[in-house]
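All figures in this text were calculated on a predicted structure; none of them were measured in a lab. Computation of the quantities below employed the complete heavy-atom set of this structure, encompassing side-chain atoms and omitting hydrogens, waters and symmetry-equivalent molecules.
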Amino acid sequence: MSRLLCCAAMLLALLSTGMAAHAAPTDAPKVPDTLKQRIASCTACHGESGEGADNAFFPRLAGKPQGYLVRQLQDFRNGLRHYAIMEYTVRPLDDDYLREIAGYFAAQDVPYRTHPVPSMTAAQKARGEQLVTQGDKARGVPACTACHGSNLTGVQPDIPGLIGLPYDYLSAQLGSWRTDTRRAAAPDCMATVVSHLSDADISAAAAYLASHPIPDDPRPQAAGSVTMPLRCGSVGS
C-alpha cells in the first residue's frame, strides 16, 4: 500500500507543473520555479531530504556522492536501469538538470533510518562477513570494502555507500544485475562480481550489509582513497 501511495504522490507532483502550464492564467496560481518544487517527484518517495522511505523500495539518497547520483539518473534515462516511474520522470531531463537534482541530495545530512534485519545463522553471518570484508579470491570476488570504502560509506565522486540500506533493497539490486534489469557502463564490474555469487551468497552479503552499524562519520571517503580491484566503466569516466 505504501508503494502505491508513493507512486500516486509522485504522479501528482509530476502533473502539477504541466496542469498549471496548460491552464489559463486566471484558472490556477503559478507553480513556483524553485528547486524544491522541481524535485517534488523525487521527495514524494525518497523523502524531503532524501532520507529514504520506511519500506525497502525507495532508498536513501542523502549524502550519496553527487557523481554516483548523476550516473544513476542517467542510467534510468538511458535504459540501463529499469523502473517505470523513474524512467518517465527523468526521460526529458538534460544532464545539467540531473546534476542539480543530484547536488541537492548529495548535500543533505540527515539521520539514518533503521530497517528490519533478517536473522542469520552463524554460517550465514560468517559468509556475509567474508564477502563484505575479504571477498572470495577463489571465485574472483573482491571484498565490498575494496571498492565501497573501509567503512562502506562510499568514495567520492562515483561510488555509493552501502550502509543504512534495507536487506530487501540490497538483495533486489544484486539480483537485478544477475537478471540484466540493472546495468552500468561497460565494463560493468558489478555484473561481473554478481555473476560469481550464488543466491545464498547474495542473501548472506545483503543481510550482513543491512546489519552493519552506521559509523560515526558516514560521509564518503575522499576521491582516490581506494584502488579499484576491477575496471568499472561507471567510475572515473
Side-chain angles (χ1 to χ4, degrees), residues 2-113 153-161 163-166 169 173 184-185 214 217-223 234-235 237:
S2 62
R3 191 176 189 181
L4 291 175
L5 290 173
C6 183
C7 291
M10 178 182 280
L11 288 172
L12 286 172
L14 287 168
L15 291 171
S16 63
T17 301
M19 291 173 66
H22 287 89
T26 57
D27 292 342
K30 182 179 179 181
V31 176
D33 184 17
T34 63
L35 180 60
K36 182 177 181 179
Q37 178 62 40
R38 284 182 271 131
I39 64 171
S41 58
C42 307
T43 57
C45 293
H46 291 278
E48 190 71 21
S49 298
E51 64 271 22
D54 287 329
N55 59 51
F57 298 110
F58 307 107
R60 179 186 176 94
L61 306 179
K64 291 278 194 296
Q66 182 179 9
Y68 168 76
L69 293 175
V70 170
R71 175 76 69 173
Q72 300 317 298
L73 292 169
Q74 290 172 330
D75 286 353
F76 278 115
R77 187 187 63 189
N78 300 336
L80 292 175
R81 292 191 66 175
H82 298 286
Y83 181 58
I85 292 178
M86 283 297 303
E87 293 173 74
Y88 175 81
T89 301
V90 301
R91 187 175 297 130
L93 305 183
D94 61 27
D95 285 345
D96 287 340
Y97 202 157
L98 299 185
R99 278 190 286 270
E100 187 177 11
I101 294 171
Y104 169 82
F105 289 112
Q108 301 306 303
D109 182 10
V110 292
Y112 279 74
R113 290 182 178 273
T153 57
V155 181
Q156 293 285 8
D158 298 314
I159 303 174
I163 55 171
L165 292 171
Y169 180 80
Q173 296 310 302
I214 307 300
D217 184 359
R219 292 175 298 178
Q221 291 181 201
S234 59
V235 175
S237 59

Review point. Rounded to the nearest 0.5 Å, how far does CG of D95 lie from CD of E100?
Key: 13.0 Å
Review point. Would a distance-only check, ignoring hydrogens and angles, find a side-chain to backbone donor-acceptor pair under 3.5 Å from Q66 to R99?
Key: yes
Check your understanding: What closest approach, in Å, do A222 and V155 show between heavy atoms, and which atom pair accounts for it?
Key -> O-CG1, 3.4 Å
Check your understanding: Roughly how far, to the nearest 0.5 Å, is CG of L69 from SG of C42?
Key -> 10.0 Å
Practice item. Would you confirm whether R60, through its side chain, and G164, through its main-chain N or O, come within 3.5 Å as a donor-acceptor pair? Key: no
Check your understanding: Looking only at atom types and distance, does a side-chain atom of H46 sit under 3.5 Å from a main-chain N or O of E51, one as donor and one as acceptor?
Key -> no
Review point. Are R71 and D158 close enough that some pair of their side-chain heavy atoms sits under 4.5 Å apart?
Key: no
Check your understanding: Considering residues, nucleotides and ligands other than R219, do more than 12 of their heavy atoms fall under 6.0 Å from its CZ?
Key -> no
Study note, to complete from the structure: G52 and R113 have their tightest heavy-atom pair at O-NE, 2.6 Å
Exercise for review: Find the distance between OG1 (T43) and CD (Q37) and round it off to the nearest 0.5 Å.
Suggested key: 9.0 Å
Exercise for review: Using modelled atom types only, decide if a donor and an acceptor are shared between the side chain of N78 and the backbone of L80 within a distance under 3.5 Å.
Suggested key: no
**Study point:** Shortest non-hydrogen separation from F58 to C45 and the atoms involved
**Key:** CB-O, 3.5 Å
Review point. Can you tell if the side chain of I163 reaches within under 4.5 Å of the side chain of T153, non-hydrogen atoms only?
Key: yes
Practice item. Check whether any side-chain N or O of S234 sits under 3.5 Å from a backbone N or O of A185 as a donor-acceptor pair, and report yes or no. Key: no
Please tabulate, one pair per line, all N/O donor-acceptor pairs under 3.5 Å involving side-chain atoms of residues 101-111, not counting sequence neighbours.
from: Y104; atom 1: OH; to: E48; atom 2: O; distance (Å): 2.8
from: Q108; atom 1: NE2; to: Y104; atom 2: O; distance (Å): 2.9

Exercise for review: For a side-chain contact (heavy atoms from CB on, under 4.5 Å) with V90, tell me which candidate from R77, R81, Q74, Q72 qualifies.
Suggested key: R77
